[in-house]
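Report on the structure given below.
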Number of protein chains: 2
Amino acid sequence: MTNQNNELTYSIGELAKEFDITPRSIRFYEEQDLLSPERTGQTRIYCNKDRVRLKLILRGKRLGFSLAEIKNLFELYDSNANSMLQLEAMLQMTEQKRAILRQQLDDIQMLMNELDEVEKRCRDELADLQKRGS
Amino acid sequence: MTNQNNELTYSIGELAKEFDITPRSIRFYEEQDLLSPERTGQTRIYCNKDRVRLKLILRGKRLGFSLAEIKNLFELYDSNANSMLQLEAMLQMTEQKRAILRQQLDDIQMLMNELDEVEKRCRDELADLQKRGS
DNA sequence: AAATTGATTTACGTTAACGTTAGGGTTAGG
DNA sequence: CCTAACCCTAACGTTAACGTAAATCAATTT
């Protein structure tokens with residue numbers, strides 16, 4: 001649907017289907033102050049900004065961030081922080097997150113290598129079986 | 001300590017300290033069949049293989065795997081699977097995990113980009129403040 | 001008009017991964 | 001002999017992130 005500004009809007013069910021989650025989850029994110037959609041009467045109306053935010057929430061989750069951490073990142077991102085103290089705190093946080101991401105990259109690399117080995121051993125054995133079987 | 005084969009062994013406390021977790025966690029992993037150290041009386045004795053396994057558990061956790069999934073991976077890795085069916089199931093699993101890891105790599109990349117932007121905006125504002133302040 | 005579909009709130013239930021407390025045993029040092 | 005620093009089991013408590021059920025309302029469809 002479109003609202004009065006000719007922007008696309010979504011119902012809770014549409015978003016749930018698109019991202020393959022339940023409406024319950026979306027309402028829960030709102031309860032945790034991660035979303036704040038408009039309303040028409042009681043019904044929630046999500047604009048594109050909300051949709052993007054939801055996408056970010058799910059991406060954060062896949063990376064193992066808790067909802068509280070995600071909320072933190074949002075506040076960090078949204079805040080029109082002006083004081084030097086706030087700005088420096090922000091830089092510190094981004095650096096922390098960056099460190100975690102680097103660690104995860106390492107972890108993924110090592111796991112991929114291990115998967116390679118498992119797969120190789122596996123293929124070898126399969127080839128062996130084929131040979132004997134024929 | 002070293003055991004009768006002159007291999008290094010570790011107490012639960014040593015491992016806990018090394019990996020910055022609690023002994024409770026290590027015992028819990030054992031309860032979930034992710035570890036199975038030797039015993040001297042009641043006391044657990046961990047060899048190097050156990051230590052490596054613990055390291056793998058923690059790496060898996062950082063990547064958002066559940067303990068059950070990690071156990072699955074271990075069984076997959078340990079099993080001297082010989083039947084073609086088992087081997088093919090194994091290949092399927094590694095491919096699944098690989099897909100998840102690829103997804104995570106994408107996620108990390110996008111998050112890193114976003115962090116770059118946040119940081120840049122932040123530095124700009126800081127520079128601005130410095131200018132006016134001087 | 002009745003039924004289906006999708007929305008709402010409220011509130012209790014569930015699972016994973018430990019934390020915490022209670023109670024007790026063993027060895028090294030003072 | 002006593003205390004400190006380890007280790008153990010058993011069992012209940014906790015938190016996050018929803019699941020699920022009940023009861024209700026509004027808009028379509030048949």
Side-chain angles (χ1 to χ4, degrees), chain A residues 1-3 8-47 50-51 53-75 100 107, chain B residues 1-3 8-47 50-51 53-75 100 107:
Chain A
M1 280 289 294
T2 61
N3 63 8
L8 283 171
T9 63
Y10 313 85
S11 75
I12 195 169
E14 288 170 348
L15 285 186
K17 187 170 286 184
E18 175 174 356
F19 293 110
D20 198 31
I21 56 181
T22 65
R24 172 69 172 103
S25 299
I26 299 181
R27 291 195 193 100
F28 183 74
Y29 299 152
E30 180 176 346
E31 206 176 309
Q32 305 298 308
D33 297 321
L34 291 171
L35 291 172
S36 47
E38 299 294 311
R39 299 260 180 156
T40 300
Q42 281 205 316
T43 308
R44 279 163 254 251
I45 309 285
Y46 298 85
C47 69
D50 294 322
R51 211 187 66 117
R53 233 178 143 99
L54 179 54
K55 197 185 287 190
L56 287 175
I57 294 173
L58 299 178
R59 179 182 303 159
K61 285 203 50 184
R62 280 198 300 273
L63 287 169
F65 290 100
S66 73
L67 295 185
E69 287 175 315
I70 294 172
K71 185 183 170 191
N72 254 323
L73 282 174
F74 281 163
E75 284 170 357
I100 293 176
D107 288 342
Chain B
M1 281 287 297
T2 63
N3 64 8
L8 282 171
T9 64
Y10 313 85
S11 76
I12 196 170
E14 287 169 349
L15 285 186
K17 187 170 286 184
E18 174 174 357
F19 293 110
D20 198 28
I21 57 182
T22 66
R24 172 68 172 106
S25 299
I26 299 181
R27 291 195 194 100
F28 183 73
Y29 299 151
E30 179 176 348
E31 204 177 312
Q32 305 297 310
D33 296 322
L34 291 171
L35 291 172
S36 48
E38 299 294 313
R39 299 257 182 159
T40 299
Q42 282 204 316
T43 307
R44 279 162 254 253
I45 309 284
Y46 298 86
C47 69
D50 294 322
R51 212 187 66 118
R53 234 178 142 99
L54 179 54
K55 197 186 287 189
L56 287 175
I57 294 173
L58 299 178
R59 180 182 304 160
K61 285 203 49 184
R62 279 197 300 273
L63 287 169
F65 290 100
S66 72
L67 294 186
E69 287 175 314
I70 294 172
K71 184 182 168 190
N72 254 324
L73 282 174
F74 280 164
E75 284 169 357
I100 293 177
D107 289 342

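Hydrogens, waters and symmetry mates play no part in the numbers below; they use all other heavy atoms, side chains included. The sequence lines fix the lettering, A, B, ..., with proteins before strands; numbering per chain opens at 1.
- Place A:Glu31 and A:Gly13 on DNA chain C by their nearest nucleotides, and A:Gly13 ends up nearer the 5' end.
- Between B:Leu67 and B:Gln32, the shortest heavy-atom contact is CD1-CG, 4.5 Å.
- Annotation: proximity of residues 19-30 of chain B to DNA chain D (heavy atom, distance under 4.0 Å) is found for B:Arg24, B:Arg27, numbered in ascending order.
- Residue A:Arg44 places at least one side-chain N or O under 4.0 Å from the OP1 or OP2 atom of C:dT8.
- With contacts defined as side-chain heavy-atom distances shorter than 4.5 Å, the pair B:Tyr46/B:Leu54 does not qualify.
- When DNA chain D is scanned in the 5' to 3' direction for atoms under 4.0 Å from non-hydrogen atoms of chain A, the outermost contacting nucleotides are D:dA17 to D:dT20.
- Between B:Phe65 and B:Arg59, the closest side-chain pair of non-hydrogen atoms is not below 4.5 Å.
- For B:Ser11, the side-chain contact (heavy atoms from CB on, under 4.5 Å) partners are B:Glu14, not counting sequence neighbours.
- To the nearest 0.5 angstrom, A:Glu69 atom CD is 12.5 Å from A:Phe74 atom CZ.
- The stretch residues 33-43 of chain A participates, sequence neighbours left out, in these side-chain hydrogen bond (donor to acceptor under 3.5 Å, both in side chains) pairs: A:Glu30-A:Arg39.
- Atoms CD1 and NZ, from A:Ile57 and A:Lys71 in turn, are 11.5 Å apart once rounded to the nearest 0.5 Å.
- For residues 33-42 of chain A, proximity to DNA chain D is found at no residue, defined as any non-hydrogen atom under 4.0 angstrom from a strand atom.
- For the salt bridge (Lys or Arg N to Asp or Glu O under 4.0 Å) test, residues two or more places apart in sequence or in another chain that qualify with B:Arg62 are A:Asp107.
- Formation of a donor-acceptor pair under 3.5 Å by the A:Arg53 side chain with backbone atoms of A:Leu34 is found in this model.
- Between B:Tyr10 and B:Asp50 the shortest side-chain heavy-atom distance does not fall below 4.5 Å.
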